[in-house]
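Pasting in a structure now, in structure tokens, and then I'll have a few things to ask.
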Amino acid sequence: PSIPQYYATTTQAGGEVVGLLVESHEGRPTKVEGNPQHRSNYGALNNFQQSTIIDLYDPQRLKAPKLMGKAGNRAGAESALKTLGASLGGKKVAVLSGYSPSIQLHTIAQRMSTKLGASWYTYESVSDDHQMAAMETVFGEALRPRYSFKEAHAVLSLDNDFLGTEGPSVAYASEWAENRRVDKVTAKDAKLSRLYAVEARYSLTGSNADHRVRASHGQIEAFAHAVAAELGVAGASQGGVALSARQAKAAKVVAADLKANQGKALVLAGRSQPAVVHALAAMMNESLGARGQLVNYYTDYRRPMHKAGMGDMKSIQELGKALNSGSVDALIILGGNPVYSAPADINFAAALKKAKQVVYVADQANETSAALDDKTAIIIPQSHSFEAWGDLVGIDGQVSIQQPLIAPLFDSMSEVEVLASLLGDSETNGYKIVRNAWKSAIGAVGFHKQWRRWLHAGVLADANAPFIASSAPAQGLGSLK
């Protein structure tokens with residue numbers, strides 16, 4: 001009984017997917033480690049990802065559905081959702097979710113749009129809106145950069161904490177460390193990488209930098225313009241707050257080092273920087289020949305039903321307007337706590353009361369659940385990722401299967417199960433939804449063995465990726481100059 005078993009699975013937070021190997025004792029998950037086969041974390045985890053096991057056993061989790069003010073169970077929730085879905089034909093339906101890089105969720109979102117005419121809104125309080133706007137300007141579509149530090153000799157971070165909090169930071173830290181190993185000094189033709197960090201406050205990346213340039217938020221934009229101008233990027237100017245003499249000199253030194261490492265130099269911009277800084281970083285990488293080797297761009301798969309120009313802030317604002325107009329007959333909220341996290345000027349709590357019917361999938365009672373009217377609300381406990389079946393897509397398109405370690409501890413449902421019930425599907429079991437979808441995608445012949453291999457490895461072959469690296473050409477800074 002004391003012998004542990006290990007299962008490969010996956011989870012995501014804020015759209016960042018990681019592969020996991022979960023240790024289980026007597027049917028209960030007890031410890032989380034990384035899956036070495038997953039390129040988003042290479043077998044390592046940070047402290048937040050390690051602590052996902054704590055959320056599973058959190059005593060504050062919702063334990064049973066609340067159906068129009070009355071306590072219910074899962075069967076009652078499924079029935080209520082099917083009844084509601086059947087009544088929504090021709091009515092205004094809105095769905096609000098966080099980042100959801102799931103193939104099944106994207107598929108069911110398309111069906112929600114086709115069958116119910118649902119409008120999909122995406123909101124994360126910690127958002128990549130600036131990056132999205134820059135990518136749509138430079139490349140003409142919503143893309144995400146996936147950097148590779150293994151061969152990088154010179155790296156410029158413009159307020160990007162890639163070693164700590166931004167992007168697949170665990171994978172980035174692992175790759176960056178490869179070029180910082182002491183034994184590389186003694187290797188023939190070895191060259192340790194250099195890291196330049198320009199930031200307004202200390203970060204993990206800044207504390208590890210060889211050279212750290214302290215600058216205000218506005219000066220970081222000016223620094224980016226100065227370096228880009230030295231590299232010959234068209235449209236680079238004197239934007240932002242004026243640089244000090246020391247900062248201006250540093251910009252020239254950094255640009256010279258980047259030039260000297262053509263093809264081995266990389267520039268990153270942080271999520272808090274304006275779109276123009278992200279665009280400048282992308283154009284500098286083009287100028288340095290980094291694309292294809294040190295950086296590739298992939299479809300941003302985190303926003304279901306994404307429309308060009310519809311970032312998180314605009315999305316929540318548009319939803320707020322729709323709610324306040326009284327035109328929303330049914331609002332489906334998949335996770336999150338928008339009453340707490342939405343901008344104060346939207347007054348989401350007041351807007352929420354104008355929806356005629358609300359379905360809220362949540363893991364805990366919070367400000368949003370408290371703001372709902374019991375007479376019109378269906379509140380459903382959200383299954384933990386260790387209790388639910390699913391699939392997730394990493395930043396570079398790598399697909400991983402989310403398999404549960406334990407049956408749901410409470411009467412909870414996953415997001416896919418909730419939406420399948422709303423659509424009136426005959427099959428609302430998460431396992432069958434995911435397995436049948438992949439069986440249809442690759443064919444029934446030999447599927448059982450393939451499925452077992454996927455569950456064992458935790459990841460699928462790249463042939464199953466929904467997208468590959470984009471070949472969209474860079475079009476310049478456009479209106480962001």
Side-chain angles (χ1 to χ4, degrees), residues 1-13 16-38 40-65 71-78 102 104 170 335 361-365 380-392 399-418 420 427-439 447-460:
S2 62
I3 299 175
Q5 292 180 302
Y6 297 86
Y7 298 88
T9 186
T10 187
T11 190
Q12 66 95 13
E16 300 300 340
V17 180
V18 290
L20 305 176
L21 290 179
V22 184
E23 181 179 337
S24 177
H25 286 83
E26 300 178 19
R28 297 224 169 213
T30 54
K31 184 68 170 70
V32 182
E33 298 294 348
N35 184 349
Q37 298 190 53
H38 204 291
S40 290
N41 57 310
Y42 296 127
L45 295 177
N46 62 28
N47 54 333
F48 298 105
Q49 294 154 0
Q50 286 273 1
S51 66
T52 54
I53 191 73
I54 299 174
D55 296 333
L56 174 65
Y57 300 114
D58 188 345
Q60 299 300 318
R61 287 182 63 190
L62 291 177
K63 296 174 175 58
N73 54 28
R74 174 168 174 143
E78 288 187 12
S102 162
Q104 300 313 316
V170 175
V361 184
D363 60 345
Q364 295 185 358
I380 299 176
Q382 183 177 28
S383 293
H384 189 277
S385 60
F386 294 170
E387 299 173 324
W389 286 92
D391 51 24
L392 294 173
V399 181
S400 47
I401 297 294
Q402 176 183 298
Q403 67 168 321
L405 274 290
I406 191 172
L409 299 176
F410 310 112
D411 277 339
S412 60
M413 298 176 70
S414 69
E415 296 172 342
V416 169
E417 290 171 334
V418 168
E427 188 53 77
T428 58
N429 177 273
Y431 169 72
K432 293 182 179 178
I433 291 172
V434 175
R435 192 179 190 279
N436 291 343
W438 280 105
K439 186 176 182 179
F447 175 75
H448 179 71
K449 289 184 177 179
Q450 184 72 279
W451 176 255
R452 298 294 297 176
R453 282 194 290 267
W454 291 347
L455 295 184
H456 180 267
V459 296
L460 279 63

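Quick note: numbers below take in every heavy atom, side chains included, and nothing from hydrogens, waters or symmetry partners.
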In terms of heavy-atom contacts, Val459 and Asn35 come closest through CG1-ND2, 4.4 Å
Open item on the list: Under a 3.5 Å distance rule, please check whether Asn41 uses its side chain to pair with a backbone N or O of Gly19 as donor and acceptor.
Closed with: yes
Walk me through it: do Glu427 and Asn436 pass the test side-chain hydrogen bond (donor to acceptor under 3.5 Å, both in side chains)?
CA-CA 10 Å; Glu427 188 53 77; Asn436 291 343; 5.3 Å; no
How far apart are the C-alpha atoms of Trp451 and Val434, what are their side-chain angles, what is the distance that settles it, and do they pass the side-chain contact (heavy atoms from CB on, under 4.5 Å) test?
-> CA-CA 11 Å; Trp451 176 255; Val434 175; 4.1 Å; yes
* To do: Keeping the roles fixed (side chain from Gln49, backbone from Asn46), state whether a donor-acceptor pair exists under 3.5 Å.
  => yes
Of Asp55, Leu409, Val32, the one forming a side-chain contact (heavy atoms from CB on, under 4.5 Å) with Phe386 is Val32
Practice problem: Examine distances only and state if a side-chain atom of His384 and a backbone atom of Pro404 form a donor-acceptor pair shorter than 3.5 Å. | Solution: no
Looking only at heavy atoms, the pair that brings Gln382 and Arg61 closest together is O-NH2, 3.5 Å
### Task
For the residue pair Ser24 and Pro4, establish whether any side-chain heavy-atom pair is separated by less than 4.5 Å.
no
Given the options Gln104, Gln402, Gln403, Asp391 meets side-chain hydrogen bond (donor to acceptor under 3.5 Å, both in side chains) only with Gln104
From CA spacing to verdict: side-chain contact (heavy atoms from CB on, under 4.5 Å), Thr9, Leu405: CA-CA 8 Å; Thr9 186; Leu405 274 290; 4.0 Å; yes
task: Evaluate the side-chain contact (heavy atoms from CB on, under 4.5 Å) criterion for residues Leu460 and Ile401: first the C-alpha distance (whole Å), next the side-chain angles of each, then the deciding distance (0.1 Å), finally the verdict.
output: CA-CA 8 Å; Leu460 279 63; Ile401 297 294; 3.5 Å; yes
Taking every heavy atom of Val18 against every heavy atom of Thr10, the minimum-distance pair comes out as O-OG1, 2.8 Å
Side-chain contact, heavy-atom cut-off 4.5 Å: Ile53 with Thr30? no
- Message: Contact between Leu62 and Ser412 at the side-chain level, heavy atoms closer than 4.5 Å - yes or no?
- Response: no
Note: Ile433 and Ala420 closest approach over all heavy atoms is CD1-CB, 3.9 Å
For the pair Ser414 (side chain) and Glu417 (backbone), establish whether a donor and an acceptor sit closer than 3.5 Å, ignoring hydrogens and angles. yes
Rounded to the nearest 0.5 angstrom, the OG-CD distance for Ser400 and Gln37 is 11.5 Å
When rounded to the nearest 0.5 Å, the distance separating CG of Leu56 from OG of Ser383 is 10.5 Å
| message | Can you confirm whether Lys432 is buried at NZ, in the sense that more than 12 heavy atoms of other residues, nucleotides or ligands lie under 6.0 Å from that atom? | response | no
Quiz item: Going through the checks in order, is the side-chain contact (heavy atoms from CB on, under 4.5 Å) test met by Leu20 and His38?
Solution: CA-CA 8 Å; Leu20 305 176; His38 204 291; over 6 Å; no
| said: Tell me if the OH atom of Tyr57 is crowded by more than 12 foreign heavy atoms within 6.0 Å. | reply: yes
Should Phe447 and Arg435 count as side-chain neighbours, where that means a heavy-atom distance under 4.5 Å? yes
Does Asp363 reach the main-chain N or O of Gly335 with its side chain, forming a donor-acceptor pair under 3.5 Å? no
task = Report yes or no: does Arg28 contribute a side-chain atom to a donor-acceptor pair with the main-chain N or O of Ile406 at less than 3.5 Å?
result = no
In this structure, CD of Glu23 is separated from CD of Glu33 (nearest 0.5 Å) by 8.0 Å
Heavy atoms of Leu392 and Ser102 approach each other most closely as CD2-CB, 4.1 Å
